[in-house]
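In what follows, a single structure is set out as structure tokens and then discussed.
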Amino acid sequence: MLYHLLYPLHDQISFLNVFRYITFRTIYASLTAFLICFLLGPWVIRKLRTLQIGQYIRKDGPETHFDKAGTPTMGGILILFSITVSTLLWNDLANHYIWIVLLVAVGNGAIGFIDDYLMQVKKRSKGLGVRMKFALQIALALLTGYLVYMTPDFSTQVTIPFFKNLAPDLGVGYILFAALVIVGTSNAVNLTDGLDGLAAGPVLIAAVTYIVFAYVAGHARIAEYLQINHVPGSGELAIFCGSLAGATLGFLWFNTYPAQIFMGDVGSLSLGGMLGVVAVITKQEILLVIVGGLFVIEALSVIFQVSFFKVTNGRRIFKMAPLHHHFELKGWPEPKVIVRFWIISIALALLSMSTLKMR
Ligand code: 57M
């Protein structure tokens with residue numbers, strides 16, 4: 001909105017020319033989203049306590065979690081609010097990619113909200129139910145994939161990191177591929193959100209990484225130099241990722257150990273969906289496996305644990321899955337697990353950025 005209101009005045013007030021720069025708007029979108037979260041956080045925590053929207057703790061989990069019972073949850077509402085306000089303020093709203101990522105953010109947030117509400121407020125332990133939740137997520141992701149596919153001149157090639165000349169063209173199959181990336185990332189972040197700040201930290205790191213990817217993909221000359229797909233208009237997603245990073249950073253102020261608030265499915269499903277759709281639009285889909293490698297490791301630990309359990313009639317690979325619980329049960333204090341997983345995320349983000357130069 002500010003872009004539309006203030007940039008046209010740059011002839012009269014030359015300083016306003018700064019609003020044309022993606023870097024400027026990314027920085028201030030980050031700061032705006034951060035401040036909204038930081039300033040509203042205490043009120044949201046009080047409000048959730050008043051409404052008694054506190055986390056139910058399953059008895060089959062680590063004993064160290066039992067004293068977390070009652071922690072206000074569904075804090076993802078604040079994250080979504082911050083991202084939406086900051087995006088509407090700082091993005092070029094004529095850019096249709098912005099509306100696609102907002103659809104994914106709010107759509108997955110709504111699915112998570114309903115699940116949280118049924119579980120935490122209506123005390124229905126199954127919430128929406130796995131099947132219904134998945135069906136809604138897949139439907140939303142397929143709609144998103146269709147909208148991206150229908151974008152004029154959008155490439156349906158899949159970028160393979162390290163192999164610039166290997167880019168299979170999926171054609172209409174790209175819709176299903178995009179949907180899988182979005183649903184997969186959404187659920188991987190959801191599984192990871194099991195310790196204080198364990199999901200927020202790596203989401204922040206991935207969001208900052210995709211600021212870079214969105215900026216270079218949207219810049220014709222840089223994209224050509226780096227031999228990556230130029231996606232006209234995707235530069236605006238750098239500003240969106242700025243809002244995503246700022247909001248996550250602000251939420252982390254309250255979600256860090258010992259957490260005063262959890263994000264709930266309304267937060268984890270929407271954050272994962274946002275990362276997935278940004279990776280699709282910036283044509284860095286497979287690279288998300290590296291950038292979001294921690295989410296992949298956590299999801300794979302569950303898949304291996306459940307598969308091994310079924311194949312061996314009850315034996316386990318890990319003490320408990322996802323992987324963060326395994327280290328907890330090995331005796332690592334929660335903060336040690338969290339910060340070490342953050343360190344792994346930072347290393348993976350650096351590795352992913354190095355692929356921009358490798359060809
Ligand atoms: C999402 N939710 C956390 C909080 C957060 C198939 C199986 C692997 C599914 C998985 C599962 O239920 N996943 C659901 C993870 C939960 O966090 C809430 O959920 C939101 C995210 N969706 O925002 O509202 C608990 O995580 C802890 N937490 C924190 N700090 C945070 O900032 O401490 C969350 C955020 C919270 C709190 O304790 O209650 C979760 O863990 O459920 N199931 C599991 O992950 C379970 N693993 C398991 O059953 N493993 C089995 C098989 C199935 C693989 C095995 O290893 O044999 C673990 N989780 C629970 N109990 N709750 C262990 C058992």
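Atoms within each ligand, like the ligands themselves, are counted from 1 in listed order. Keep in mind that the numbers below use all heavy atoms, side chains included, and drop hydrogens, waters and symmetry copies.
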Check: F318 and L329 side chains under 4.5 Å, non-hydrogen atoms: no

F251 vs S82 side-chain heavy atoms within contact, under 4.5 Å: no

For atom 22 (N) of ligand 1, the protein heavy atom that lies nearest, with its residue and separation: N190 OD1, 2.3 Å

Ligand-residue contact atoms, ligand 1 with V302, heavy atoms, under 4.0 Å: 8 (C)

Atom 19 (O) of ligand 1: nearest protein contact (heavy atom, Å): D265 OD1, 4.0 Å

Ligand 1 versus Q55: contacting region, heavy-atom distance under 4.0 Å: side chain

E236 and Y3 side chains, donor-acceptor separation under 3.5 Å: no

Under 4.0 Å to a heavy atom of V306 - the qualifying atoms of ligand 1, by number: 54 (C)

For atom 27 (C) of ligand 1, closest protein heavy-atom neighbour: G194 O, 3.1 Å

E285 (side chain) donor-acceptor with V158 (main chain) under 3.5 angstrom: no

No-hydrogen, no-angle side-chain donor-acceptor test under 3.5 Å, T64 and E334: no

Straight-line distance of L170 CG to Q157 CD, nearest 0.5 Å: 9.5 Å

Residue selection (non-hydrogen contact nearest atom 45 (O) of ligand 1) among G127, A299, G54, P322: P322

Geometric class of the Y7/H10 ring pair [parallel <30°, tilted 30-60°, perpendicular >60°]: parallel

Heavy-atom nearest neighbour in the protein, as seen from atom 10 (C) of ligand 1, with distance rounded to 0.1 Å: L191 CD2, 4.0 Å

Side chain to side chain, L102 and L88, heavy atoms closer than 4.5 Å: yes

Side chain, backbone, both or neither: the part of A321 lying under 4.0 Å from ligand 1 by heavy atom: both

Structural part of M74 in contact with ligand 1, heavy atom criterion under 4.0 angstrom: neither

Part of D116 with heavy atoms under 4.0 Å of ligand 1, whether side chain, backbone, both or neither: neither

Close-contact set for ligand 1 against M263 heavy atoms, below 4.0 Å: 23 (O)

Option with minimal heavy-atom separation from atom 46 (C) of ligand 1, where the choices are E328, E334, H326, R58: R58

Side-chain (K68) to main-chain (L195) donor-acceptor, under 3.5 angstrom: no

Which of the ligand 1 atoms, numbered from 1, are nearer than 4.0 Å to a heavy atom of S268: 21 (C), 22 (N)

All salt bridge (Lys or Arg N to Asp or Glu O under 4.0 Å) counterparts of E328, not counting sequence neighbours: none

Option nearest atom 17 (O) of ligand 1 (shortest heavy-atom distance, choices D60, T64, D193): D193

Main-chain N/O of A214 paired to T282 side chain as donor or acceptor, under 3.5 Å: no

Ligand 1 contact on L198 by region, counting heavy-atom pairs under 4.0 Å: neither

Donor-acceptor pair, side chain of H326 and main chain of K319, under 3.5 angstrom: yes

Atoms in ligand 1 flagged as close to H65, the criterion being non-hydrogen separation under 4.0 Å: 27 (C), 33 (O), 37 (C), 38 (O)

Those atoms of ligand 1 less than 4.0 Å from some heavy atom in N255: 32 (O)

Sub-4.0 Å atoms of ligand 1 with respect to non-hydrogen atoms of G197: 32 (O)

Taking atom 57 (O) of ligand 1 as the reference point, the nearest protein heavy atom with its distance: R316 NE, 2.8 Å

Identity and distance of the protein heavy atom lying nearest atom 30 (N) of ligand 1: D196 OD1, 2.7 Å

Donor-acceptor pair between T32 and W90 side chains, under 3.5 angstrom: yes

Taking every non-hydrogen atom, the tightest pair across G145 and A178: CA-CB, 4.0 Å

Close side-chain approach of L176 and L142, heavy atoms under 4.5 Å: yes

Contact check: Q305 vs ligand 1, nitrogen or oxygen atoms, below 3.5 angstrom: yes

Any non-hydrogen protein atom less than 4.0 Å away from atom 63 (C) of ligand 1: yes

Protein heavy-atom partner closest to atom 59 (N) of ligand 1 - residue, atom, separation in Å: H325 NE2, 3.7 Å

Atoms of ligand 1 close to M320 [distance to a heavy atom under 4.0 angstrom, numbered from 1]: 56 (O), 63 (C)

Closest protein heavy atom to atom 33 (O) of ligand 1, given as residue, atom name and distance to 0.1 Å: K68 NZ, 2.8 Å

Flag: protein heavy atom within less than 4.0 Å of atom 37 (C) of ligand 1: yes

Ligand 1-proximal atoms of T73, by part, heavy-atom distance under 4.0 Å: side chain

is_close_aromatic(F24, F19), centroid dist under 6.0 Å: yes

